[in-house]
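Everything on this sheet refers to the single structure shown next.
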Amino acid sequence: MRSARVIAVLLAVAGWDVHVMRADGTCRMPITTDPSTDLAPAWAPHGVVAYQSNRAPGPGIWIHSVETGAERRLDTGALIASSPAFSPDGTTLAFEAHYAASITSSVYVIPAAGGTPVELTPEPIPHGNGGPVFSPDGVTSVYFVSNRNGPYDVFAVPVGGGQAVQVTTGSGIIG
């Protein structure tokens, strides 16, 4: 199946595997068949899917080429990474992560090809920050949800790092 024709990604509840299919529901094909839980798929424009998995050697983000079937774990060091989101050009991933001893999360970016994660939401008082998504241009902002001001709301932070700005108030997001 050529990636140009695959235009949908879904999570199959049975077995918690990631599948790809066309928008009309045809050509459904599993891209993961591991007995582990595979969740939160994100699609890159060049036929690559990122997803979180709890498979060995430990929970993290996996990158899968739909075209070749090649797969690799994204090295995020000691971070336990989840909720991947590709930039519109597919060169960068945003994700939420935490360290094993921490109960709070932060948002990071990393080159999709690999590299060192950069924390976008460092805070002196830890909060829950997650669910990242890039602005449509892919270079301005990463949007995320956070409970840093009380209830969860949407915030934006520059892709290169900087001060997070609250975008919504009283949105009713449940963390």
Side-chain angles (χ1 to χ4, degrees), residues 3 6-13 15-21 29-123 126-136 138-139 141-146 154-161 164 175:
S3 60
V6 179
I7 55 175
V9 177
L10 71 127
L11 176 68
V13 175
W16 296 102
D17 288 324
V18 176
H19 290 234
V20 294
M21 71 178 184
M29 177 180 76
I31 62 169
T32 66
T33 56
D34 191 272
S36 302
T37 301
D38 301 324
L39 302 167
W43 185 259
H46 55 282
V48 174
V49 176
Y51 58 91
Q52 70 186 57
S53 181
N54 66 352
R55 67 180 71 178
I61 295 174
W62 289 78
I63 309 292
H64 180 96
S65 168
V66 175
E67 186 83 27
T68 67
E71 193 166 72
R72 67 180 169 82
R73 187 172 190 272
L74 183 66
D75 184 0
T76 58
L79 292 168
I80 299 172
S82 62
S83 301
F86 277 104
S87 60
D89 67 2
T91 62
T92 306
L93 269 172
F95 61 93
E96 67 180 83
H98 65 278
Y99 290 99
S102 177
I103 60 170
T104 61
S105 58
S106 197
V107 174
Y108 295 80
V109 292
I110 189 171
T116 303
V118 175
E119 186 176 13
L120 295 183
T121 57
E123 298 180 63
H127 294 95
N129 300 296
V133 62
F134 282 86
S135 57
V139 296
S141 300
V142 172
Y143 294 93
F144 63 98
V145 296
S146 178
V154 176
F155 290 76
V157 63
V159 171

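Throughout, numbering of the chain's residues begins at 1 and tracks the sequence. The structure presented is a predicted model; accordingly, all values stated were derived computationally and were not measured.
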Give the minimum heavy-atom separation between Pro84 and Ile61, together with the two atoms involved. CB-CD1, 3.9 Å
Measure across Pro132 and Val142 and return the closest heavy-atom pair with its distance rounded to 0.1 Å. CB-CG1, 3.8 Å
Let me confirm one number: the NE2-OG1 distance from His46 to Thr91, rounded to the nearest 0.5 Å. 8.5 Å
Side chain to side chain donor-acceptor pair (under 3.5 Å) pairs, two or more places apart, involving residues 92-102: Ser83-Glu96, Ser102-Thr104
Any Val107 side-chain heavy atom under 4.5 Å of Val157 side chain: no
When every non-hydrogen atom of Ser135 is compared with those of Pro88, the smallest separation belongs to O-CG, 3.8 Å
How close do Ala50 and Leu93 get, heavy atom to heavy atom, and via which atoms? CB-CD2, 4.1 Å
For Glu123, which residues count as a side-chain hydrogen bond (donor to acceptor under 3.5 Å, both in side chains) partner, sequence neighbours excluded? His127, Asn129, Arg148
Working to the nearest 0.5 angstrom, can you tell me the gap between Glu119 CD and Tyr108 OH? 4.0 Å
What's the spacing between Asp17 CG and Thr37 OG1 if we round to 0.5 Å? 9.0 Å
Would you indicate whether the side-chain heavy atoms of Asp89 and Phe134 approach each other to under 4.5 Å? no
Has Ser106 got a side-chain atom pairing as donor or acceptor with Thr121's backbone, closer than 3.5 angstrom? yes
Can any side-chain N or O of Arg73 pair as donor or acceptor with the backbone N or O of Pro59 at less than 3.5 Å? yes
Please round to the nearest 0.5 Å and tell me the distance separating atom CG of Leu74 and atom CD1 of Ile110. 4.5 Å
Nearest heavy-atom contact between Ala42 and Phe86 is O-CE1, 3.5 Å
Could you grab the distance from atom OG of Ser53 to atom NE2 of His64, nearest 0.5 Å is fine? 12.5 Å
Can you confirm whether the side chains of Thr32 and Asp34 place a donor and an acceptor under 3.5 Å from each other? no
Within a strict 4.5 Å, meaning less than it, do heavy atoms of the Glu71 and Ile31 side chains meet? no
In Å, rounded to the nearest 0.5 Å, how long is the span from CD1 of Ile63 to CZ of Arg72? 5.0 Å
Phe95 and Ser82 have their tightest heavy-atom pair at CB-O, 3.3 Å
Without swapping roles, check the side chain of Asp38 against the backbone of Val18 for a donor-acceptor pair under 3.5 Å. no
